[in-house]
Amino acid sequence: MKWFPDRPGLATGLAIMGFGGGALIASPMSNALMVLFGGGAETEDLAAGLVPTFVTLALSYAVIIAAGAYVIRLPHPEWKPDNWDPSKQDNVPMQTNLNVSAKQSLKTPQFWFLWIMLFTNVTAGIGILENAAPMIQDYYPGVTAAAAAGFVGILSLANMGGRFIWSTASDYIGRKNIYLLYLGVGVILYLVIAFFGGNSLVLFIISAMFILSFYGGGFATMPAYLRDMFGYYQVGAIHGRILTAWAAAGVAGPLIVNSMVESQAQAGNQGPDLYTLSMYIMVGLLVLGLISNILMRPVAEKHTVEYREKNQESVR
Amino acid sequence: MASVLDKEAIVAPKKFNRWLIPAAALAIHLCIGQVYAFSVFKIPLMSRFDVGEVSVGWIFSVAIAMLGLSAAFGGTWVEKAGPRKSMIVAGTAWVLGFLWPPLVLTPDSCGSSMPVMVSSVVSAWASATLLRYQR
């Protein structure tokens, strides 16, 4: 970012593209490597190919990352882009809003509502993401492992696209409204998969893509939502704290879906039936997140740095 | 020690092609995109270790948890250490994460295999987060 003070959007866009592109390449490549080393496309072959695949990936990553580390530089202190004059930049209007410190933010209900919203949104998205390849093959047994890997790649693209598109949209329609979209339409999409996911492959894929785009969007919009609520003062630190919701969701999402799948399999169910119950749980979670979002109000003035300073002075 | 890794060692000359920087960042991001491809390994892993969804799912869960936690708490260090040092540290963890299980595993060490997998991917993903702060 420091290298592109004149074009901050471009720098972020490139980073997102790299991550998305990496995910798009990684799933088919991993699958192809397993086929190559395992000597076939059957599950046993893929399993046999796991070890050489991991080694190959490790070595390629070592080379690529080392090359990146070799090239990376910090800008010279006197450096600036050609033909760029910082004084001519449009001054982004500083938000005149009041500010809340990171410590104080934990005492506001808004922080915990946002925590729940991120937790439920990520849990729902990641539950699908972690299961994407087996899931599409359970719904549609005709789908090969290679095709499933393509599906995983597409989901990653949707994830990245969502970060870009929805967070940009939130600048225009507002954070609260965009989260109504993520969580509310998310509920509908999960119900669509639960009821009709096994009927139409196209419907299944499109619903999953939208869910993943909301997952990405939920991530990308969070810093802006926090800034709206708590001001610029310590928004970075507050964002760090809210990311614990992501960590918790990373455990909860896969755990919910996987335990449901295992228990349904033991109960003798198969195909889409393995997943229906977890879809309902996700719907329940998303409703909880939706309620949290609906309850969002501006932070009470007593929590702001400005109010607390004034108050201390009057006490003295 | 390790001075080539320090921030001071990598200040660019005044004339420097800045388009090399996105290329370097792109290289990293192309690697860590692997995170979201995890589910491709799921069925083969379950078959290989003869375990269920939950056991394999833990690998991803712990990894994402590490990713979230190191994003929450690792940002300050990355700022202080500068990009090259954090890329090397994180990249090493990332690569070891992939290298570790194949080195430790033998075909019949199934019992101990899951924790090994878990811990390995943990280090891998911890690094991914550090790298996210690059930009």
Side-chain angles (χ1 to χ4, degrees), chain A residues 1 3 11-12 14-15 18-23 25-27 30-31 34 43-44 46-47 50-51 54-55 57-58 61-62 64-69 71-76 78-79 126 129-134 145 149 152 156 159 240-241 243-244 246-247 250-251 254-255 258-259 261-262, chain B residues 7 10-14 16 18 20-45 47-48 52-54 56-58 60-69 71-73 75 82-84 87-88 91 94-95 98-99 101-102 105 135:
Chain A
M1 287 292 261
W3 280 100
T12 319
L14 281 170
F19 198 28
I25 298 166
S27 25
S30 305
N31 195 65
M34 286 190 288
T43 302
E44 308 87 73
L46 297 180
L50 273 172
V51 165
F54 271 59
V55 174
L57 289 173
Y61 291 149
I64 298 172
I65 294 177
V71 170
I72 199 82
R73 293 286 185 285
L74 290 168
H76 193 280
E78 288 165 32
W79 175 88
I126 221 160
L129 197 56
E130 195 266 345
N131 274 289
V152 176
S156 296
N159 176 3
R241 287 165 199 220
L243 285 179
T244 55
W246 178 29
V251 175
L255 197 58
N258 290 323
S259 347
V261 169
E262 276 190 10
Chain B
K7 265 170 141 174
I10 53 168
V11 174
K14 280 189 201 171
F16 185 79
R18 62 172 172 169
L20 286 171
I21 302 302
L26 206 66
I28 305 293
H29 283 100
L30 283 174
C31 295
I32 61 179
Q34 176 76 39
V35 180
Y36 287 132
F38 173 77
S39 77
V40 170
F41 293 120
K42 253 191 121 179
I43 292 178
L45 279 172
S47 148
R48 158 110 195 201
E53 280 87 354
V54 174
V56 173
W58 271 111
F60 183 81
S61 287
V62 174
I64 289 286
M66 290 309 294
L67 184 58
L69 291 176
F73 302 108
R84 183 177 278 175
M87 278 165 89
I88 293 291
W94 174 258
V95 168
F98 280 92
L99 221 43
L105 291 187
R135 349 189 258 271

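What's counted below: heavy atoms across the whole structure, side chains too, no hydrogens, waters or symmetry copies. Residue numbers start from 1 in every chain, and the chains themselves are labelled A, B, ... in the order their sequence lines are given, proteins ahead of strands.
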Does any backbone or side-chain atom of [X] lie under 4.5 Å from a heavy atom of chain B? Answer side chain, backbone, both or neither.
X	answer
Ala67(A)	neither
Ile64(A)	both
Ser259(A)	both

When [options] are compared by non-hydrogen pairs under 4.5 Å with chain B, the top option:
options	result
Pro134(A), Ala132(A), Ala62(A)	Pro134(A)
Val152(A), Ile126(A), Val251(A)	Val251(A)
Ala58(A), Gly68(A), Pro254(A)	Ala58(A)

Where Gly250(A) and Ser61(B) come nearest, the two heavy atoms and their spacing: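 Taking Gly250(A) first and Ser61(B) second, the nearest heavy atoms are O-OG, 2.9 Å.
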Contact summary for Ser30(A) and Val40(B), nearest pair of heavy atoms: CB-CG1, 4.5 Å
